[in-house]
Amino acid sequence: MDEELRSLADRVRSEARSGPGGAAAYERLLATEDPDELAKVLTETERPLWAREMAAFRLGCAGDRRAFETLVLLLNHRDPQRCGTAAYALARLGDPRTARAAAALATNSLRTAYALHPVRLLTELRAPETVPALITTLRGLLAPANPHWRVALACVEGLGQLRDARARPVLEAALGHPRLVAAASAALSRLK
């Protein structure tokens with residue numbers, strides 16, 4: 001069992017055991033090697049969220065695209081741990097729709113509070129959608145007293161890693177924000 005799956009299993013264990021039949025279902029989902037059994041969990045009614053998350057994670061890490069929709073929903077979840085687990089699996093899934101979905105979530109101004117993991121996923125994917133989405137997201141976060149500075153910082157750091165000159169204007173604008181100035185300076189120094 002890899003470290004990410006172990007972490008997920010540890011996190012959802014008590015949640016699984018709190019429902020009737022949950023302990024047995026938990027052990028079965030953890031042990032099965034049958035992708036069809038895991039995929040069935042994603043479509044059956046009345047399956048708890050922890051079970052869908054575990055099945056989607058295992059399928060996503062195995063490159064099974066049947067996990068895509070569930071993982072995208074989890075990437076947009078209000079629980080940061082679920083978002084992080086989904087981002088990890090989506091990065092390994094290899095589905096060409098992933099970057100578009102992550103860009104849509106990152107740039108949705110109504111969901112900015114939950115955009116940290118989509119922003120980091122976009123940076124990891126390095127897809128054509130990445131730089132425009134990070135620029136758009138960061139631009140919307142440069143208003144004074146914006147409470148989502150961690151998302152803005154992730155955008156700045158991502159743009160620095162990607163070294164794309166299109167980011168220069170928004171990174172220069174980020175220099176005026178005390179929480180972003182060091183990362184923006186470093187990112188600007190790496191641009192082509």
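Glu53 pairs with exactly one of Gln81, Arg58, Arg11 by the side-chain hydrogen bond (donor to acceptor under 3.5 Å, both in side chains) rule, that one being Arg11. Screening Arg166, Arg168, Gln161 for a side-chain hydrogen bond (donor to acceptor under 3.5 Å, both in side chains) involving Asp164 leaves a single residue, Arg166.
Hydrophobic cluster membership differs between Leu71 and Leu59, with clusters built from Ile, Leu, Val, Met, Phe, Trp and Tyr side chains linked at under 4.5 angstrom. Taking hydrophobic clusters as Ile, Leu, Val, Met, Phe, Trp and Tyr residues chained together by side-chain heavy-atom distances below 4.5 Å, Leu153 does not share a cluster with Leu121. A chain of hydrophobic side-chain contacts below 4.5 Å, direct or via other Ile, Leu, Val, Met, Phe, Trp or Tyr residues, connects Leu116 to Ile135. A continuous path of hydrophobic side-chain contacts links Leu142 to Val119 [ILVMFWY only; heavy atoms under 4.5 Å]. Linking ILVMFWY side-chain heavy atoms closer than 4.5 Å, directly or via other members, places Leu171 and Leu141 in a single hydrophobic cluster.
The side-chain heavy atoms of Asn146 and Val151, taken from C-beta on, include no pair separated by under 4.5 Å. At a threshold of 4.5 Å between non-hydrogen side-chain atoms, the residues Leu175 and Leu188 count as touching. Looking at Pro35 and Arg66, their side chains come closer than 4.5 Å, going by heavy atoms from C-beta outward. Side-chain contact check for Val12 versus Leu49: every heavy-atom pair is 4.5 Å or farther apart. A heavy-atom distance below 4.5 Å is not found between the side chains of Leu74 and Thr85. Contact of the Trp149 side chain with the His177 side chain is not registered, since no non-hydrogen atoms from C-beta on lie closer than 4.5 Å. The shortest distance between side-chain heavy atoms of Leu29 and Trp50 falls below 4.5 Å. Proximity of Arg65 to Pro96: side-chain heavy atoms (C-beta onward) are separated by under 4.5 Å at one or more points.
Tyr88 is linked by a ring-ring contact (aromatic ring centres under 6.0 Å, His included) to Phe57, counting only residues two or more places apart in sequence or in another chain.
Arg150 and Glu157 are not joined by a salt bridge, as no carboxylate oxygen comes within less than 4.0 angstrom of a charged side-chain nitrogen. Classification of Arg52 and Glu69 as a salt-bridged pair fails, no side-chain N sitting under 4.0 Å from a carboxylate O. Here Asp34 does not pair with Arg28 in a salt bridge; the nearest charged N to carboxylate O distance is not below 4.0 Å. Between Glu3 and Arg6 a salt bridge is recorded (basic side-chain N to carboxylate O distance below 4.0 Å).
Nearest heavy-atom pair across Glu124 and Ala91 is OE2-CB, 3.4 Å. Across all their heavy atoms, Ala56 and Thr70 have their closest contact at CB-CG2, 3.6 Å. Among all heavy-atom pairs drawn from Leu42 and Ala67, the shortest one is CD1-CA, 3.9 Å. Nearest heavy-atom pair across Leu105 and Val72 is CD1-O, 4.0 Å. Taking both residues in full, the closest heavy atoms of His117 and Pro80 are given as NE2-O, 3.3 Å, listed atom of the first, atom of the second, then distance. The two residues Leu5 and Asp2 make their nearest non-hydrogen contact at N-OD1, 2.7 Å.
Annotation: the span from Ser18 atom OG to Tyr26 atom OH amounts to 12.5 Å, rounded to 0.5 Å. Interatomic distance, OG1 of Thr136 versus CZ of Arg139, reported as 5.5 Å (0.5 Å rounding). Atom OG1 in Thr137 sits 12.0 Å away from atom NE2 in His148 (nearest 0.5 Å).
Here the side chain of Thr98 pairs no donor or acceptor atom with the backbone of Gly94 at under 3.5 angstrom. Although no hydrogens or angles enter the test, the distance criterion places a donor-acceptor pair under 3.5 Å between the side chain of Thr112 and the main chain of Ser109. A distance-only check finds a donor-acceptor pair linking the side chain of Thr130 to the backbone of Leu122 [under 3.5 Å].
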Please test Leu90 against Phe68 for side-chain contact (heavy atoms from CB on, under 4.5 Å), starting from the C-alpha separation and ending with a verdict.
CA-CA 7 Å; Leu90 281 165; Phe68 176 77; 4.1 Å; yes
Leu138 and Leu134: side-chain contact (heavy atoms from CB on, under 4.5 Å), yes or no, with the steps?
CA-CA 6 Å; Leu138 180 56; Leu134 295 183; over 6 Å; no
